[in-house]
Amino acid sequence: QVQLEESGGGLAQAGDSLRLSCLASGRTLASYCMGWFRQAPGKEREFVAAISWGGSATRYADSMKGRFRISRDDVKNTVSLQMNSLNPEDTAVYYCAADASCYMSMRRDEYDYWGQGTQVTVSS
């Protein structure tokens with residue numbers, strides 16, 4: 001079993017950048033494909049991005065393409081989400097998730113382990 005802990009959230013202004021990190025413990029991150037999801041108040045949790053074993057493949061939600069970038073460092077056991085050109089619609093709790101089967105799915109029920117989330121708030 002892997003434990004995930006997100007960090008890097010906070011307050012930002014429209015147009016700013018933030019970098020989120022997810023640190024894994026308990027098992028090596030290299031065993032999992034990883035994803036980022038987010039949940040805004042009153043909305044369902046939605047897919048943001050996913051990355052394959054070794055980082056050779058990535059997948060993004062359409063609204064994040066070109067603005068967000070997912071990466072991983074299996075030596076440091078971390079996965080990151082670089083978020084650029086933030087806007088108030090990006091305000092949400094951001095979660096990282098681990099997928100042992102590596103479907104790189106946009107469906108949250110395909111992911112096996114979740115972190116507690118980190119809050120990102122973007123003001124206009």
Side-chain angles (χ1 to χ4, degrees):
Q1 186 170 346
V2 64
Q3 290 80 44
L4 304 172
E5 182 176 3
E6 303 91 341
S7 63
L11 299 175
Q13 292 189 329
D16 284 353
S17 298
L18 281 176
R19 184 176 180 87
L20 306 182
S21 293
C22 175
L23 176 64
S25 60
R27 289 195 65 179
T28 175
L29 200 62
S31 300
Y32 301 92
C33 285
M34 299 298 297
W36 284 95
F37 286 74
R38 69 184 187 184
Q39 188 166 15
K43 296 186 177 181
E44 291 191 355
R45 194 170 299 188
E46 65 172 349
F47 173 79
V48 174
I51 189 166
S52 65
W53 293 313
S56 59
T58 56
R59 185 179 186 182
Y60 297 91
D62 287 344
S63 62
M64 287 74 165
K65 286 180 181 177
R67 295 193 304 126
F68 291 8
R69 181 177 178 272
I70 189 172
S71 60
R72 66 189 297 158
D73 185 334
D74 290 339
V75 174
K76 295 182 179 179
N77 243 20
T78 60
V79 61
S80 298
L81 184 69
Q82 177 68 39
M83 306 187 296
N84 300 321
S85 301
L86 287 165
N87 58 66
E89 289 71 39
D90 295 317
T91 294
V93 178
Y94 284 73
Y95 300 88
C96 70
D99 169 15
S101 300
C102 204
Y103 295 122
M104 292 186 65
S105 175
M106 298 176 70
R107 292 176 48 178
R108 56 184 185 270
D109 60 356
E110 299 283 4
Y111 290 78
D112 304 292
Y113 304 102
W114 292 83
Q116 293 299 308
T118 185
Q119 176 71 47
V120 172
T121 303
V122 184
S123 62
S124 58

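Here the straight-line distance linking atom CE of Met106 with atom CZ of Arg59 works out to 5.5 Å at 0.5 Å rounding. Note: Ser124 OG to Asn87 CG = 10.0 Å, rounded to the nearest 0.5 Å. To the nearest 0.5 Å, the span separating CG on Leu4 from CG on Asn77 amounts to 9.5 Å. Rounded to the nearest 0.5 Å, atoms CG (Leu81) and CH2 (Trp36) are 6.0 Å apart. Between atom SG of residue Cys33 and atom CD of residue Glu110 there is a gap of 12.0 Å, rounded to the nearest 0.5 Å. Put simply, OG1 on Thr78 and CG on Leu20 are 12.0 Å apart, with the number rounded to the nearest 0.5 Å.
Between Ser80 and the choices Met34, Arg69, Arg19, the side-chain contact (heavy atoms from CB on, under 4.5 Å) rule is met once, by Arg19. When each of Arg38, Gln116, Gln119 is checked for a side-chain contact (heavy atoms from CB on, under 4.5 Å) with Val93, only Gln119 meets the rule.
Asp73 places a side-chain N or O within 3.5 Å of a backbone atom of Lys76 that can act as its donor or acceptor partner. When atom types are taken as modelled, the side chain of Arg67 and the backbone of Ser85 share a donor-acceptor pair closer than 3.5 angstrom. In terms of modelled atom types and a separation under 3.5 Å, the side chain of Thr91 and the main chain of Thr121 share no donor-acceptor contact. Remark: the backbone N or O of Ala100 is paired with a side-chain donor or acceptor of Asp112 at under 3.5 angstrom. Within the 3.5 Å criterion, the main-chain N or O of Ala30 finds a donor-acceptor partner in the side chain of Thr28. At distances below 3.5 Å, not a single donor-acceptor pair connects side-chain atoms of Tyr95 with backbone N or O atoms of Glu6.
Relative to the six-membered ring of Trp114, Arg45 meets both conditions, a distance below 6.0 Å and an angle of at most 45° to the axis.
Between Phe37 and Phe47, the distance from one ring center to the other falls under 6.0 angstrom.
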Using side-chain contact (heavy atoms from CB on, under 4.5 Å), reason through Asp74 and Arg72 one step at a time and then give a plain yes or no.
CA-CA 6 Å; Asp74 290 339; Arg72 66 189 297 158; 2.9 Å; yes
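Around atom CD of Glu5, no more than 12 heavy atoms belonging to other residues, nucleotides or ligands sit under 6.0 Å away.
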